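As the structure is a computational prediction, the values presented were derived from the model and not from experiment. Counting starts at 1 for both ligands and their atoms, following the listed order. Start at 1 with the first residue, then count along the sequence.
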Amino acid sequence: MTALTDLGVAAIRDGFRAGSFSAREVADSFNEAVAKARALNAFIVETPEHAIAAAEQADRDRSDGLLKPLSGVPIGMKDLFATRDIQTTAASGILKHFEPAYESTVSAKLFAAGAGMLGKLNMDQFAMGSSNETSAYGNVISPWRRNDGGNAPLTPGGSSGGSAAAVAARIAPAVTGTDTGGSIRQPAAFTGITGIKPTYGRCSRWGIVAFASSLDQAGPMARDVRDCAIMLEAMAGFDPMDSTSLDLPVPNWEAALSSDIRGKRIGIPKEYRIDGVPPEIDAVWEQGIGWMKDAGAEIVEVSLPHTRYALPAYYIIAPAEASSNLARYDGVRYGKRVDPGQGGLAEMYEATRSSGFGAEVKRRIMIGTYVLSAGFYDAYFNQAQKVRALIARDFQQAWEKCDLLLAPTTPSAAFGLGEKSDDPIAMYLNDVFAVPASLAGLPAMSVPAGLDSKGLPLGLQIIGRPLDEQGVLNAGLAFEERAGFTARPEAWW
Ligand code: GLN
């Protein structure tokens, strides 16, 4: 018999409905798997009691004939989502022991849909990072290892690295992530799983610890496209508590899933072929193009001429917004306070923030404050905003020629922990293919494409028009059927 932890969201939901197992059995299996996998450091807080309570409710509901979309499904929650009375830290020391008095909209929706929570997932501090090494709770270790026998610990990617590791290691069937400049897609690609960032505004940001508010967007990470569609349906929807939330009905993405993409025009952005990217990335991209052709799509070359300015613009806009968002951590309202013993309020702020924030967070605050300062605002922040508009326009022009775009998710497979942590620029370069869709607010999904020569997963990214999550999911499904990606890490944890 298949272990319950080998089942994804759809399989758990359907098996539970069919009476093949109880929700309690599922919750127990995953809770046990989580407890056994502590070597991965994927969770900051484990909440087995939450998963059990939801499961017992689901079992009672089932006998009363009340089935909800996620009844019986336990999930992991990125620690960026405020969860009532459950520690929420954004993986930062400054929020240590912080227990929110309210629930984020996305987590509330998932719980209302019947899901239980296995725990709060580790991540890069305040979602700033691409490797999970900026967490104040120690880095996550990827369940994957290179096949060279070296056993060097690898990054699961970031910032949703705990999320990615948990799904890849089969200790959660699905999880929440957030993506500001790639944090769902890059870790999904590094760990051989699927993750979708919907159109900006689809999921409410209310109760998500803010990083860069004009870019932050929640989305699911799961084993396959269908599971992502199911999760996204539960997470999305209008919320008057978020002024940028889109007042639109949530489509039935799962019901409309179809891998028939005949006649769809798939654009290949020529500027995404950049120097220095390993040939394996190009090879997997070519293979993906072949699969899309095989599915009956028409392949067209398109140009996104401002692509090379996306990364520098992102690394101005995101820190600028972060420096303003993070001003609220002052030692008075939330979490940690350090009393320097002398001086006044300013000294208390300084002592709290110096000891509470990690080095990368401080770097972002300083960059952000600098690019917003009186003498430099026009040269940096305003200029970056103009570049952002040009990038959005590039995509609009591309949509005249194509319906979707296919590109690599990352410029490499997962790297070793410590390999890039001393070089912020090398780390930032990881996001080169991810940030344009973020700056333009477009839906984008990473799907596993294959393994590199060292046995590590590589992902490709499908980017769609605003609000066309369905197009992205459908192309993802067509891709998934052809890629036939079944590789999983060998358990060492
Ligand atoms: N890696 C990017 C950064 O460090 C993106 C992070 C994210 O999407 N949250 O900013």
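- One finds no salt bridge joining Arg226 and Glu480 here, because no Lys/Arg side-chain nitrogen approaches an Asp/Glu carboxylate oxygen to under 4.0 Å.
- A centroid separation of 6.0 Å or more is found between the aromatic rings of Phe98 and Tyr329.
- Within the 4.0 Å heavy-atom shell around ligand 1 one does not find Ala318.
- Per-residue contacts place Phe211 under 4.0 angstrom from the following atoms of ligand 1 (heavy atoms of the residue considered): 9 (N), 10 (O).
- Of all protein heavy atoms, the one closest to atom 2 (C) of ligand 1 is Asp431 OD2, 3.1 Å.
- Annotation: Lys96, atom NZ; neighbour count of heavy atoms from other residues, nucleotides and ligands within 6.0 Å does not exceed 12.
- Contact annotation: for Thr180 versus ligand 1, heavy atoms closer than 4.0 Å belong to both the backbone and the side chain.
- For atom 4 (O) of ligand 1, the nearest non-hydrogen atom from the set Glu360, Met427, Arg364 comes from Arg364.
- Given atom 9 (N) of ligand 1, the protein heavy atom at minimum distance is Ser183 OG, 2.7 Å.
- Under the 4.0 angstrom criterion for non-hydrogen atoms, Tyr314 is in contact with ligand 1.
- Ile462 contributes atom CD1, which lies 6.5 Å from atom CZ of Phe479 (distance to the nearest 0.5 angstrom).
- Near Ala127, meaning under 4.0 Å from one of its heavy atoms, ligand 1 places the atoms 6 (C), 7 (C), 9 (N).
- For Arg273 and Glu286, the salt-bridge test passes: some basic side-chain N is under 4.0 Å from an acidic carboxylate O.
- Close approach of ligand 1 to Tyr315 (heavy-atom distance below 4.0 Å) involves ligand atoms 1 (N), 2 (C), 3 (C), 4 (O), 10 (O).
- Close approach to Gly181 involves these atoms of ligand 1, each under 4.0 Å from a residue heavy atom: 5 (C), 7 (C), 8 (O).
- When each atom of ligand 1 is checked for a heavy atom of Ser159 under 4.0 Å away, the hits are 9 (N).
- The one candidate from Asp179, Asp216, Thr244 that meets the side-chain hydrogen bond (donor to acceptor under 3.5 Å, both in side chains) condition with Tyr200 is Thr244.
- Contact check on Arg465 versus Asp403 returns a salt bridge, with a Lys/Arg side-chain nitrogen under 4.0 Å from an Asp/Glu carboxylate oxygen.
- In terms of polar-atom proximity, defined here as any N/O pair under 3.5 Å, Thr178 makes no such contact with ligand 1.
- Trp492 is listed as a side-chain neighbour of Ile141, based on a closest heavy-atom distance under 4.5 Å.
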